[in-house]
There are 2 protein chains.
Amino acid sequence: MKIAKKDSINKKITLTDVADLAGVSAITVSRVINQPEKVSDALRTQVQKAIDSLGYIPNQHASSLASSRSRVIGVAIPSLSNIVFTDVLRGIYEVMGQAGYKVLLVDTHYSPLEEERMIRTLLSQSPEGLIITGGDQTKACQQFLQKARIPIVQIMELLPDPIDMNVGFSHTKAGYDVTAHLLAQGYERIGFIGARMDPRVQQRMQGYKSALEQAGKYEKNYIATTPEPSSVCAGGELFKSVMALTNGTLDAIFCANDDLALGALFEAQRMNINVPKDLAICGFNDTEAAAYVNPSLTSVYVGRYEMGVKAAEMIIRVLEEHDIESKHVDMGYIIRERASTQRLA
Amino acid sequence: MKIAKKDSINKKITLTDVADLAGVSAITVSRVINQPEKVSDALRTQVQKAIDSLGYIPNQHASSLASSRSRVIGVAIPSLSNIVFTDVLRGIYEVMGQAGYKVLLVDTHYSPLEEERMIRTLLSQSPEGLIITGGDQTKACQQFLQKARIPIVQIMELLPDPIDMNVGFSHTKAGYDVTAHLLAQGYERIGFIGARMDPRVQQRMQGYKSALEQAGKYEKNYIATTPEPSSVCAGGELFKSVMALTNGTLDAIFCANDDLALGALFEAQRMNINVPKDLAICGFNDTEAAAYVNPSLTSVYVGRYEMGVKAAEMIIRVLEEHDIESKHVDMGYIIRERASTQRLA
DNA sequence: TTGTATGCGTTATCAG
DNA sequence: CTGATAACGCATACAA
């Protein structure tokens, strides 16, 4: 037995309901919502009244199906607990929100396999564009990414062979530059600590190595890393490890990010090691705490929010069939010199 | 003129394409995907082969439309740059991901009006459940939230009159307890600094006030706040303000969160104020940096990840028509006493 | 400016 | 276990 067509309590309100109430056809209601300028003032207000009084909310699924426009952008990031990605996300949300796109976000947990599954999920929502992290996708993933035929931006790092568009900066170069800077400051025994060891951290470490090797100052035991996530605590532990490994002979440490750097600094203070007199500490990402701690930490600024904005804008421009200046954008970075790497005369 | 039906390059692959290739009907393919146990082994593998070879990805919009099950959960949080919310998010994503739900996330920028708009957006995606922050919704928003007839969890705070379900803790009580603790430690002139001043910070401040008033130690100029976002920097500034206001007579400060507390601590160090000898500092949220800085900061632990998990689980239980123990859950909190509020003998 | 017919890709319902 | 048919709610194409 069917329930009464109109007044049944649970029934969701549809375009047709609104049309009936307003005494127009469904398509007119549709127009009032999507192209109001194509409807006469009289009808428009009349329909709008019906919409309001019924509390009508359009069904996006039906809309997407009919129009093959989902207004959804998929975003895949490796972690929600890393400020690096949430900053980028903010930029993406800002731009996409303004432009009327919904963001469907997935967390890949730094795993290409998980990423493949998650991107499948994204694709099943018929996103009009995709923003994904790095270039570490599985073969299978790359394949259906190609087939998707939608604009895709790979963010965070500079990729040699992007799937489509690319916004990021060179972590290798940044690692190199930081180390070179430390060398230029007169530091000679420069250690490195890193955690998680995702591709980008590896690249920074590679840059560090190159710089030291080039200067003839590279030593294997200058490095301590862990596959565990980054944290202040891990920074302290890694710091102790590398100091032990080197019998405390290091005079500088390059930390793969600011959390580690804070941990190293706090631990150094507990060990009564004077920073920067006895030891220089350099972080990465230029987070707020690093800038305000005593002594303030030298770090590497990266325009993360701006990177998110840029990626989002590129997608939108392509979707609106505008040209884009370039499919590959280097956001660069800036080494922020602070007290922690400044020898006291 | 129509393009060739099958091989046209841009055509997306549909259920029918797979059915044709496998030599079965569309509904069988649908079953292979959604209820594999209802299809014979032979057909199932045959269909699966077709799916793989075509790289078929189901269209969720069509599926949602036909089944009125979207497998989407909407989440609204006030900010993406506050670790408090990203921690909760992690919990939500973890559980929802496992259970096969997509999460549609929106950022309300701490604005009820924006929240109303954003929740409209969420609703247009026919989510099966909603997780929203706090109880500060507009009247209009509350109304269509009611009409949505889906499970809704309001998180972060304990609400007197929740729309549906509620998971959180009492910020008022927490603020009170922290202050009482400080009093019990023998501190007498206890200041408060807060930023953003969203409802939850206001509640903490209210608790602080109550405790001081009750002890007869409340003074208006013990308080410095700003509507600006919280940050380490803001913490330093507010600290300077409140110290100026009170001519440096405070012997303790309760900071509305750990960022502010770190800022206050760093600033105190620069001013050569000894913490905790001259001044106690207490934070809120028990973040990692607060626990590892020197001296370690007393703070209030809150199970944020667990709160996200709980909220997600409640939604899922309701959706799967299980009973839930209670619609209202108090997650509680724990005051973590550390060096920053311990007078040296 | 407004309306009619049709189809988007999938699933519910009911038959076989 | 498998299939035919009719929705789901909306937008496109075309007509009026």
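Computed over heavy atoms, backbone and side chain alike; hydrogens, waters and symmetry mates excluded. In the text below, chain A, chain B and the rest are named by the order of the sequence lines, each starting its count at 1.
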Whole-Å gap separating C1' (C:dC8) and CG (A:Leu65): 4 Å
Residues B:Arg44, B:Asp41: salt bridge by 4.0 Å N-O rule: yes
Nearest-Å distance for atom pair CG/C1', residues B:Asp17 and C:dC8: 13 Å
Pairwise side-chain contact, A:Met165 with A:Ile324, heavy-atom cut-off 4.5 Å (strictly under): yes
Carboxylate-amine/guanidinium contact B:Glu128 B:Arg71, below 4.0 Å: no
Reading 5' to 3' through nucleotides 10-16 of chain C, protein heavy-atom contacts under 4.0 Å coded B for base, S for sugar-phosphate only, - for none: BBB----
A:Gln137: partners by side-chain contact (heavy atoms from CB on, under 4.5 Å), with sequence neighbours left out: A:Glu115, A:Ile132, A:Cys141, A:Gln142, A:Leu145, A:Gln154, A:Ile163
Check: A:Thr108 side chain, A:Met118 main-chain N or O, donor-acceptor pair, under 3.5 Å: no
Distance test, side-chain N/O of B:Thr28 to OP1/OP2 of D:dT2, below 4.0 Å: no
Side chain to side chain donor-acceptor pair (under 3.5 Å) partners for A:Gln60, two or more places apart: none
Rounded distance (Å) that lies between atom C1' of D:dA11 and atom NE2 of A:His61: 16 Å
